[in-house]
Amino acid sequence: MNKSGKEEIDELVARAITGDKTAFSEVVRRLMNPVVALIYRMTGERESAVDLSQESFVAAWQKLKTYRGESKFESWLFAIAANKTLNFIKARDRHRGDSPENTPIELATTDTPETEMVQSELRENVLNFMESLPAQQRLVFNLRFYRQLSFEEISVTTGKALGTVKTNYREAVKKLRRVALEKGWKS
Amino acid sequence: MNCQLCQDELLLCAGQDRLPDDIITHMKSCPLCREVWREIKAVSERLGSDNEFVPLDIDADQFVSDVHRKIEVISLRDGASAHRPARTDQVTWMGWSRYLSAAAAILLLVGISMIGSWKGERYADTGSVDSDSFAGLNGSTALLSLYESEVDQFDDAVLGVILSDFGDNGYFEASELLLNDLSAEELQYLEENFDVGELL
């Protein structure tokens, strides 16, 4: 997100804090994709990703007055989304069972069949890799790799010590290299 | 910087475009670490970006509308819970102290009934009341002796009712005033947690 984009978000958030629902709607529009994508990679479930994303924005609206601007709004929002997602994963893992409606489905695209095949294989590889990581490593990896947060920001977002966050990321990348080699990920 | 440190740092740089200066300096003269970085970059490129993980069939307007609908539902629910009947709020506010007062009152009623029917027999099982103090005492004095150990649990109104109901007959008839003062929840609590027999 470029600087002007960040500044726009900050202005919208400032208005939303005063109760401006229109401003909040715009915040939702701008950040829904990264939030949905994060949760989808974390859970591997499309429907759950959409529901949890919406719940995250609802929670953000309710807690908006507690946002002090000490961290980026995106980081603050991701902290809420991460909390909800980790709770969801914990509950799901306790009651794991086959549920057809929650089986990861192919994401529709308008690209050519060849591109779609490549993207589908990429998604499958990534989701399988994510599934192999402990939930906390999965979260740290997502925030660092896909959202480009600094380790300090991730430490604040997750509430974990800086050293722990770095160790989580290091271990996730080590596993990534092993998996890519074993599974023969194609470039 | 040695290779071990460099490669540890390279793991932390996976997905980043820029490398720290000391890493770059080390790699200029280290083909092994350059190869490790090349491999990390190649794997990173196979992870895609957010674009591959956002369902294209999600309608942004519908998504935003759903968020606001859920906010509205929660607001209505929170508003409804703020308008519960006052009695419930009062019981909730007073918490356990209310139940304890009522429980203590009922226990004393039962105890006093038993004492009255014994008429002068020593009451030796209270643990906190000296059995000798009951020898030859009439009901009112016995009642007061018991109250002294429990009086902190009662407010003046409850205590007054109990005292006025305890006559000189030596036995106690449960006061309708006292029982009517108890809410349905309190009565249920007493029934569930104490053996009050026919008293209620």
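Chain naming here is simple, since letters A, B, ... match the order of the sequence lines and numbering starts at 1 in each. Values below: every heavy atom of this structure, side chains too, minus hydrogens, waters and symmetry copies.
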Using a 3.5 Å distance criterion without hydrogens, assess whether the side chain of [X] forms a donor-acceptor pair with backbone atoms of [Y].
| X | Y | result |
| --- | --- | --- |
| B/Arg46 | A/Ala180 | no |
| A/Tyr169 | B/Leu11 | no |
| A/Gln148 | B/Gly15 | yes |
| A/Tyr40 | B/Pro55 | no |

Contacting moiety of [X], where chain A heavy atoms sit under 4.5 Å:
| X | result |
| --- | --- |
| B/Leu10 | neither |
| B/Ser75 | neither |
| B/Gln7 | neither |

In the single-linkage hydrophobic clustering (I, L, V, M, F, W, Y; side-chain heavy atoms under 4.5 Å), do [X] and [Y] co-cluster?
| X | Y | result |
| --- | --- | --- |
| A/Phe141 | A/Leu127 | yes |
| B/Ile23 | B/Leu32 | no |
| B/Met1 | B/Leu12 | yes |

Parallel, tilted or perpendicular, as decided by the 30° and 60° cut-offs, for the rings of A/Phe57 and B/Phe63: perpendicular
Any side-chain heavy-atom pair of A/Val58 and B/Ile74 under 4.5 Å: yes
Heavy-atom side-chain proximity of B/His68 to A/Phe24 below 4.5 angstrom: yes
Steps toward side chain to side chain contact (heavy atoms under 4.5 Å, CB included) verdict (A/Met32, B/Val67): CA-CA 11 Å; A/Met32 58 179 274; B/Val67 168; over 6 Å; no
Which atom pair, heavy atoms only, marks the closest approach of [X] to [Y]?
| X | Y | result |
| --- | --- | --- |
| A/Gln54 | B/Lys70 | OE1-NZ, 2.8 Å |
| B/Ser49 | A/Arg41 | O-NH1, 4.2 Å |
| B/Leu47 | A/Tyr146 | O-OH, 2.5 Å |
| A/Lys21 | B/Glu72 | NZ-OE1, 4.0 Å |

Over 12 foreign heavy atoms within 6.0 Å of CG, B/Asp21: no
A/Lys72 atom NZ, over 12 foreign heavy atoms within 6.0 Å: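 Enclosed: over 12 neighbouring heavy atoms sit under 6.0 Å from NZ of A/Lys72.
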Salt-bridge contact B/Glu39-A/Arg177 (side-chain N to carboxylate O under 4.0 Å):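 The answer is yes: the pair qualifies as a salt bridge.
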Basic-acidic side-chain contact under 4.0 Å: B/Asp8, A/Lys166: no
Tell me, out of [options], who's got the most heavy-atom pairs with chain B below 4.5 Å.
| options | value |
| --- | --- |
| A/Val50, A/Leu181, A/Val126, A/Ile39 | A/Val126 |
| A/Val173, A/Val28, A/Leu38, A/Leu122 | A/Leu122 |
| A/Glu26, A/Arg144, A/Lys174 | A/Arg144 |

Answer with side chain, backbone, both or neither: which region of [X] has an atom nearer than 4.5 Å to a non-hydrogen atom of chain B?
| X | answer |
| --- | --- |
| A/Ser53 | both |
| A/Gln62 | side chain |
| A/Asp51 | both |

With rounding to the nearest 0.5 Å, note down the distance linking [atom1] in [X] to [atom2] in [Y].
| X | Y | atom1 | atom2 | answer |
| --- | --- | --- | --- | --- |
| A/Met42 | B/Phe53 | CE | CZ | 13.0 Å |
| A/Ser150 | B/Gln16 | OG | CD | 9.5 Å |
| B/Cys13 | A/Arg170 | SG | CZ | 10.5 Å |

Stepwise side chain to side chain contact (heavy atoms under 4.5 Å, CB included) test for B/Ile58 and A/Val36: CA-CA 10 Å; B/Ile58 285 184; A/Val36 170; 4.2 Å; yes
